Structures are given as C-alpha cells and as structure tokens.
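Counting starts at 1 for both ligands and their atoms, following the listed order. Worth saying up front: this structure is predicted, and the values here are computed from it rather than measured.
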Amino acid sequence: MECIMEKNKSYCNCTYEPCAKKFKCCECLHYHRRNNQLPACFFNKEFEKTYDRSISNFIKMISR
Ligand code: SF4
C-alpha cells in the first residue's frame, strides 16, 4: 500500500510543530486514541491551538 502522507498535508490543521507524527494520520490517530483523545483535525482553529486534544475539550467546543 502506498503512503499518502503528501496528500494528508492538505487535510492536517495541527499547529504543534515538533510532532514526529505530523501528516502520518495512521500514527496520529492511534496515538491520540490510545490516550483517550482526538487528533487535531477534530478541532476548529480556536480549540486546536490550545493543544488540548481531550474528548471533554471536543465536547466543550461542539456545545458552544
Ligand atoms: S494531532 Fe497530535 S499526533 Fe497528530 S500531528 Fe498533531 S500533535 Fe501530532
């Protein structure tokens, strides 16, 4: 299977620059799921920049 990391760049909104998983959606998703979190792409700009990837923060965002 071909890696689509280049294509993923157009979808990724994560601003956490030092992350080695950036554009590697397969690793990113598993990492955050393991930690009961969601990847950056679930959050809007305002919430993404807090780097709080918790499910409670996601619920807070969609409840506004
Ligand atoms: S969402 Fe998390 S794992 Fe994914 S690129 Fe951003 S900081 Fe890295």
At less than 4.0 angstrom from any non-hydrogen atom of Y16, what atoms of ligand 1 do you find?
7 (S)

Interfacing atoms of ligand 1 (cut-off 4.0 Å, heavy-atom, A40):
1 (S)

Contact partition for H32 relative to ligand 1, non-hydrogen atoms under 4.0 Å:
side chain

For E48 versus F43, what's the shortest heavy-atom pair and its separation?
N-CB, 3.8 Å

Could you tell me which non-hydrogen atom of M61 sits nearest to which non-hydrogen atom of F42, and how far apart they are?
CE-O, 3.3 Å

Looking at every non-hydrogen atom in both residues, tell me the closest pair between T50 and N57 and how far apart they are.
OG1-ND2, 3.7 Å

For atom 4 (Fe) of ligand 1, closest protein heavy-atom neighbour
C28 SG, 2.3 Å

Intermediate values then yes/no, side-chain contact (heavy atoms from CB on, under 4.5 Å), R53 and Y16
CA-CA 11 Å; R53 311 288 193 231; Y16 187 67; 4.3 Å; yes

By number and element, which atoms of ligand 1 are closer than 4.0 Å to a non-hydrogen atom of C14?
1 (S), 5 (S), 6 (Fe), 7 (S)

Which residue and non-hydrogen atom of the protein lie closest to atom 5 (S) of ligand 1, and at what distance in Å?
K22 CA, 3.6 Å

Of all the non-hydrogen atoms in the protein, which one sits nearest to atom 8 (Fe) of ligand 1, and at what distance?
C19 SG, 2.3 Å

Smallest heavy-atom separation, S10 atom then K7 atom, equals OG-O, 2.7 Å

Test side chain to side chain contact (heavy atoms under 4.5 Å, CB included) applied to C14 and K22, K49, K21, the passing residue:
K22

